[in-house]
Amino acid sequence: MEKRVRVRFAPSPTGGLHMGGVRTALFNYLFAKRHNGDFILRIEDTDQTRFVEGAEQYIVEALKWCGIAPNEGVGFGDGPHAPYRQSERKDSGIYRKYADQLIAGGHAYYAFDTSDELESMRKRLEAAKVAAPQYNAVTRQSMRNSLTLPEDEVKRLLDSGEKYVIRLKVPRNEEIRFHDIIRGWVVVNSSQVDDKVLLKSDGMPTYHLAHIVDDIEMQISHAVRGEEWLPSAPAHILVYRYLGLENDMPKLAHLPLILNPDGNGKISKRESRFPVFPLSWTDPRESAPFVGYKEAGYYPEAFVNILALLGWNPGNNQELFTVDEMAAIFDFERVNKSGAKFDPEKAKWFNQQYLRKKSDAELAEAFAPILKEKGFERDNAYLIEFCRLVKEKVQFVHEFWDHGKYIFIRPENFDEKVMTKKWNDTSKAFMHALAAQLNALVAWNTATITEAFHAVEATNGKGDMQLLRVLVTGAAGGPQLFDMLALMGKDEVTTRLNEALNQLK
Ligand code: GLU
């Protein structure tokens with residue numbers, strides 16, 4: 001029988017969750033949703049040396065902002081497998097129990113080596129030109145562990161409270177085969193795998209042991225994680241095998257890297273061309289905060305849509321997806337194994353598509369505080385019309401200001417190119433006549449303004465709309481001219497036009 005789909009996102013609170021991590025969470029979420037399964041948030045905090053204050057809370061908030069909420073887990077309500085923080089799960093002795101089982105089966109052993117001893121082993125191997133020095137089937141033989149020391153000495157050391165770690169006993173030369181949904185069959189020789197530490201001297205399990213124990217205990221059906229864990233997977237297979245759990249282990253899926261726009265490496269938080277974090281992240285170890293997608297003006301729906309297509313191929317040309325649409329067809333079989341290049345320009349395009357789906361009233365509401373910050377206030381009807389006029393040009397709400405500020409601020413100078421080309425006696429006469437017509441208007445709207453313009457054309461010949469635009473706003477381009485003038489109001493437009501004509505003579 002197929003197992004119920006239960007997946008987990010299992011970040012370590014070692015820093016802000018970057019977009020690669022959010023994508024891992026998203027793929028888990030989509031998969032669970034597609035199969036009416038469960039999605040769990042587990043915090044893997046067993047490495048206390050890497051613990052970063054605020055990281056866990058950040059992870060929870062970021063998932064909430066993205067709308068990819070787990071059904072169980074830290075920050076999302078306890079389920080049957082609480083607690084969901086590994087540091088708290090440890091107290092039940094669960095990790096120890098599995099480690100002891102491996103020792104009893106002869107598949108793990110105690111290692112008493114001090115850090116100085118490990119260091120001198122490393123130096124020795126480096127001197128002997130060993131490419132990647134590691135604690136393994138060969139080197140363990142010259143180290144201080146329960147495989148080399150006499151039994152009574154081991155007992156004495158354990159009884160006397162000597163510090164030790166528990167290591168996995170990896171065979172010297174054995175083929176390890178496993179299946180990855182994205183990569184197919186993977187074969188690795190055990191000589192490539194080191195005797196990983198499973199339990200540390202402080203009694204904490206390492207990731208390698210803890211995630212296996214928890215995936216089993218939490219009945220996880222699919223372990224979906226970043227490509228960086230692929231090299232450790234053979235060791236994990238051995239642990240499952242030695243625990244007699246190979247048939248119960250989750251199916252594996254290692255997601256491809258997200259590459260920077262040049263395609264020459266994975267994206268880094270030092271990236272300056274685009275945000276890397278979903279929300280702004282203040283790392284206690286850094287002086288300046290990192291700006292997030294949210295603060296850069298992205299909609300969460302757009303951000304999630306962008307992430308989904310980094311590595312997942314929906315199988316057609318569709319680019320815009322709601323979460324429900326994605327979940328209806330999401331599959332790991334359609335996730336590529338090669339790295340996915342991130343295109344920041346395309347990301348902006350995505351946001352623009354989502355912005356265009358918003359109503360003018362929603363846009364106006366979002367823009368009002370930005371405008372206020374710039375020192376201007378307008379009523380709702382004004383802002384709605386403003387957004388309707390300017391929205392074609394913008395990718396982000398804050399860009400309404402960049403693309404429409406001249407509607408609020410009077411011009412200090414006039415587009416030079418247009419003036420040089422178009423300002424002459426004829427056009428000057430036209431604009432004076434137009435100013436008089438506009439001054440005389442009683443009703444002020446797009447239709448009456450258009451009519452006034454045409455009336456002047458009837459006497460003065462063809463008028464130049466771009467020139468009029470420049471005289472009123474200073475800028476050579478912008479939204480539909482007569483609609484814009486209607487919005488600005490008679491007083492504002494005629495005042496500006498008269499001032500321009502006075503100034504330009
Ligand atoms: N705690 C691991 C990490 O950071 C999780 C890997 C996994 O999902 O198994 O990234």
Side-chain angles (χ1 to χ4, degrees), residues 5-32 37-52 55-56 58-60 62-63 68 70 72-75 81 83-90 95 98 168 178 180-183 186 196-198 200 204-240 245 248-258 266-269 276-278 281 283 311 332 335:
V5 166
R6 283 177 59 78
V7 291
R8 82 300 192 276
F9 177 50
S12 298
T14 53
L17 181 65
H18 56 74
M19 53 198 284
V22 181
R23 188 199 52 178
T24 302
L26 173 65
F27 284 9
N28 274 292
Y29 174 84
L30 293 175
F31 188 69
D38 304 316
F39 171 43
I40 295 155
L41 176 62
R42 186 171 74 215
I43 297 291
E44 302 203 322
D45 58 349
T46 58
D47 189 350
Q48 295 187 328
T49 60
R50 298 183 61 217
F51 179 84
V52 170
E56 179 186 300
Y58 179 90
I59 291 165
V60 170
L63 294 181
I68 46 184
E72 297 170 26
V74 175
H81 297 282
Y84 292 89
R85 255 181 226 102
Q86 288 181 330
S87 58
E88 291 169 21
R89 297 176 66 71
K90 170 188 167 267
Y95 304 118
Y98 281 85
L168 178 65
F178 63 95
D180 179 290
I181 311 176
I182 297 170
R183 287 147 210 277
V186 181
K196 293 209 181 312
V197 173
L198 301 176
K200 293 179 283 186
M204 276 285 193
T206 58
Y207 162 70
H208 303 295
L209 177 65
H211 89 278
I212 288 177
V213 171
D214 287 340
D215 283 355
I216 289 290
E217 293 282 323
M218 295 180 176
Q219 291 161 15
I220 298 300
S221 61
H222 298 75
V224 179
R225 58 189 180 188
E227 180 177 294
E228 66 273 23
W229 294 108
L230 193 58
S232 314
H236 303 158
I237 300 294
L238 291 179
V239 174
Y240 282 113
L245 293 169
D248 301 298
M249 67 172 281
K251 293 198 165 97
L252 299 178
H254 290 92
L255 304 178
L257 292 176
I258 300 181
K266 60 178 182 174
I267 47 164
S268 117
K269 66 178 177 185
V276 166
F277 293 98
W281 162 242
D283 196 307
F332 289 113
V335 173

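Counting convention: from 1, in listed order, for ligands and their atoms alike.
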Can any side-chain N or O of Arg89 pair as donor or acceptor with the backbone N or O of Pro83 at less than 3.5 Å?
->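 Checked: pair present.
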
Classify the ring geometry of [X] against [Y]: parallel below 30°, tilted from 30° to 60°, perpendicular beyond 60°.
X      : Y      : value
His236 : His208 : tilted
Tyr29  : Phe39  : perpendicular
His211 : Tyr207 : parallel

So is there a nitrogen or oxygen of Ser12 less than 3.5 Å from a nitrogen or oxygen in ligand 1?
->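 Right, the criterion is met.
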
Short N/O distance, under 3.5 Å, between Pro11 and ligand 1?
->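 Pro11 vs ligand 1: no N/O contact under 3.5 Å.
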
Point-to-point distance, once rounded to the nearest 0.5 Å, from CD of Glu72 to CZ of Arg6 =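 One gets 4.5 Å once the value is rounded to the nearest 0.5 Å.
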
Drop me the distance from Ile182's CD1 to Glu227's CD, to the nearest 0.5 angstrom.
->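 Ile182 CD1 to Glu227 CD: 9.5 Å, rounded to 0.5 Å.
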
Shortest protein heavy-atom distance from [atom], along with the residue and atom involved:
atom                    : result
atom 10 (O) of ligand 1 : Trp229 NE1, 3.6 Å
atom 5 (C) of ligand 1  : Ala10 O, 3.0 Å
atom 9 (O) of ligand 1  : Tyr207 OH, 2.5 Å
atom 8 (O) of ligand 1  : Arg8 NH1, 2.7 Å

Near Arg225, which atoms of ligand 1 are under 4.0 Å from a heavy atom of that residue?
->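 Matching atoms, with element in brackets: 7 (C), 8 (O), 9 (O).
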
Can you list the atoms of ligand 1 that are under 4.0 Å from a heavy atom of Glu44?
->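 Those atoms are 1 (N), 2 (C), 5 (C).
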
